[in-house]
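Single-structure report; data block below.
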2 protein chains.
Amino acid sequence: MTIASDLIRGNTDTIILASLMKKDSYGYEINKDISAKTAGEYEFKEATLYTAFKRLEEGGFITSYWGEDNVTARRRYYSITERGKEEYIKLLNDWNKSKNMIEKLIDTGVIVNGE
Amino acid sequence: MTIASDLIRGNTDTIILASLMKKDSYGYEINKDISAKTAGEYEFKEATLYTAFKRLEEGGFITSYWGEDNVTARRRYYSITERGKEEYIKLLNDWNKSKNMIEKLIDTGVIVNGE
DNA sequence: ACAAGATACCTCGCCTGTCAAGGTATTTTT
DNA sequence: AAAAATACCTTGACAGGCGAGGTATCTTGT
């Protein structure tokens with residue numbers, strides 16, 4: 001939350017696809033997984049998450065189906081497609097490239113407490 | 001250009017401030033410096049650049065003055081303020097934090113050709 | 001028994017940053 | 001004389017994030 005979301009933006013889709021690379025999942029769970037992985041430091045806003053799902057499904061990168069026989073509230077599961085896997089790889093490459101570029105551009109030799 | 005600008009977004013201000021940490025400069029030159037540093041891979045769109053200057057000046061992070069006695073077209077020089085230097089350090093920290101977070105979230109063990 | 005919180009989904013409308021497209025003015029190169 | 005480079009600026013459209021609101025079910029605390 002403290003961290004500017006404009007820094008995460010552009011990685012939203014990558015993060016979701018990365019999550020779905022491991023297993024089919026649903027919105028609420030994906031968010032909880034992210035929260036766990038970052039020790040509670042990050043979580044998508046719901047509106048952001050569901051907007052992203054819609055965008056990814058329209059792009060053919062994921063498909064969805066309703067989870068059955070679940071005891072709790074109904075869940076819409078998402079599954080990554082072949083196209084989605086390719087996109088994930090592409091996005092990873094984009095990230096690596098731009099990450100290196102950004103580091104080149106923002107470095108002035110100042111020492112910052114890395115974390 | 002090839003690289004999604006949503007990945008750069010959020011670092012725009014940091015990049016400009018980093019440039020001004022070294023010396024006073026003006027829009028056109030800052031952009032050319034960025035282009036040189038990235039071997040022509042990146043450059044801000046003019047509209048983006050001038051919007052950022054305005055935002056940074058309104059925030060008190062930079063100040064501007066007209067360059068005199070220059071032979072070519074008139075130049076508006078920008079100078080980073082004390083507040084701007086503090087902001088730069090803060091933004092660097094934000095970047096480091098979110099970079100680590102993103103890497104944690106998008107990694108699935110897939111090997112990508114690093115560049 | 002009932003309220004509160006957790007689980008789980010969704011939409012509308014605002015805000016912010018990017019950028020295509022347009023414009024101005026001067027100097028240098030062809 | 002024309003074209004390209006230097007240098008600035010604004011407008012309006014567009015996309016993504018997200019606050020605020022809504023729905024429905026199940027579990028937990030008192």
Side-chain angles (χ1 to χ4, degrees), chain A residues 1-17 24-36 40 42-59 61-62 64-78 91 94 98 102, chain B residues 1-17 24-36 40 42-59 61-62 64-78 91 94 98 102:
Chain A
M1 286 7 177
T2 1
I3 289 167
S5 62
D6 263 351
L7 288 168
I8 310 296
R9 191 195 185 113
N11 292 289
T12 304
D13 292 2
T14 323
I15 291 169
I16 292 171
L17 291 178
D24 285 12
S25 189
Y26 55 97
Y28 200 82
E29 190 182 46
I30 288 174
N31 231 4
K32 289 305 159 202
D33 286 352
I34 288 168
S35 181
Y42 196 69
E43 203 168 85
F44 287 121
K45 297 297 177 312
E46 285 195 12
T48 303
L49 189 62
Y50 291 110
T51 303
F53 283 142
K54 208 188 164 197
R55 185 172 57 241
L56 287 167
E57 192 158 24
E58 277 167 6
F61 304 121
I62 60 175
S64 68
Y65 56 93
W66 285 103
E68 306 161 68
D69 66 23
N70 51 289
V71 215
T72 100
R74 78 206 193 288
R75 300 169 177 166
R76 183 190 285 278
Y77 279 85
Y78 291 96
L91 291 177
D94 287 353
S98 59
I102 290 164
Chain B
M1 286 9 178
T2 0
I3 289 168
S5 63
D6 263 351
L7 288 169
I8 311 294
R9 190 190 187 117
N11 292 288
T12 303
D13 293 2
T14 323
I15 291 169
I16 292 172
L17 291 178
D24 285 11
S25 188
Y26 55 98
Y28 200 81
E29 189 181 46
I30 288 174
N31 231 4
K32 290 304 159 204
D33 286 352
I34 288 167
S35 181
Y42 195 70
E43 204 168 84
F44 287 120
K45 296 298 177 308
E46 286 196 10
T48 303
L49 189 62
Y50 291 110
T51 302
F53 283 142
K54 208 189 164 197
R55 184 171 59 240
L56 287 167
E57 193 158 22
E58 279 168 2
F61 304 122
I62 60 176
S64 68
Y65 56 93
W66 284 102
E68 306 162 68
D69 67 21
N70 50 289
V71 217
T72 101
R74 79 204 191 290
R75 300 169 179 167
R76 184 191 284 278
Y77 280 85
Y78 292 95
L91 291 177
D94 287 354
S98 61
I102 289 165

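No hydrogens, no waters, no symmetry mates; every other heavy atom, side chains included, goes into these values. Given the structure is predicted, the values throughout are model-derived calculations rather than measurements. All chains are named by letter (A, B, ...) in the order of the sequence lines, taking the proteins before the strands, and each is independently numbered beginning at 1.
The side-chain heavy atoms of A:Phe44 and A:Ile16, taken from C-beta on, include a pair separated by under 4.5 Å.
If you find the closest nucleotide of DNA chain C to B:Arg9 and to A:Tyr78, the one lying nearer the 5' end belongs to A:Tyr78. Across the interface with DNA chain C, nearest-nucleotide mapping of A:Glu29 and B:Thr12 shows A:Glu29 to be the residue nearer the 5′ end.
Distance, A:Phe44 CZ to D:dG16 P: 13 Å, rounded to whole Å. Nucleotide D:dC8 holds its P atom 10 Å from the CG atom of B:Asn31, rounded to whole Å. Taking atom CD1 of residue A:Ile30 and atom C1' of nucleotide C:dT7, one finds them 15 Å apart after rounding to whole Å. Straight-line distance from the NZ atom of B:Lys45 to the P atom of D:dC14: 18 Å, rounded to whole Å. When rounded to the nearest whole Å, the span between CD of B:Glu43 and C1' of C:dC19 equals 14 Å.
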Query raised in the report: How does DNA chain D read in dot-bracket, base by base from 5' to 3', with Watson-Crick or G-U pairs under 3.5 Å and | used when the partner is on another strand?
Result: ||||||||||||||||||||||||||||||
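Looking at heavy-atom distances under 4.0 Å, A:Arg76 makes contact with sugar-phosphate atoms alone, never a base.
Take B:Asp24 and apply the salt bridge (charged side-chain N to carboxylate O under 4.0 Å, His left out) test, not counting sequence neighbours, and it matches no residue. The ring-ring contact (aromatic ring centres under 6.0 Å, His included) search around A:Tyr28 returns none, not counting sequence neighbours. Taking the ring-ring contact (aromatic ring centres under 6.0 Å, His included) definition, one finds that B:Phe61 meets it with nothing, sequence neighbours left out.
Put simply, A:Ser5 has no side-chain N or O that comes within less than 4.0 Å of OP1 or OP2 on D:dG16.
Across all non-hydrogen atoms, the minimal contact from A:Tyr26 to A:Arg76 is CB-O, 3.1 Å.
For the side chain to side chain contact (heavy atoms under 4.5 Å, CB included) criterion with B:Leu7, the lone passing option out of A:Thr14, A:Asn11, A:Leu7 is A:Asn11.
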Requested in this report: Might you work through the side-chain contact (heavy atoms from CB on, under 4.5 Å) test for A:Ile15 and A:Ile8, ending with a clear yes or no?
Outcome: CA-CA 9 Å; A:Ile15 291 169; A:Ile8 310 296; 4.1 Å; yes
With the criterion being N/O to N/O and under 3.5 Å, what pairs connect the protein with nucleotides 4-6 of chain D, and how long is each?
from	atom 1	to	atom 2	distance (Å)
D:dT6	OP2	B:Tyr28	OH	2.7
D:dT6	O5'	B:Tyr28	OH	3.4
D:dT6	O3'	B:Thr72	OG1	3.4

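Within residues 46-54 of chain B, the residues that place at least one heavy atom under 4.0 Å from DNA chain C are, in residue-number order, B:Ala47, B:Thr48, B:Thr51.
Heavy-atom contacts from other residues, nucleotides or ligands closer than 6.0 Å to NZ of B:Lys32 number more than 12.
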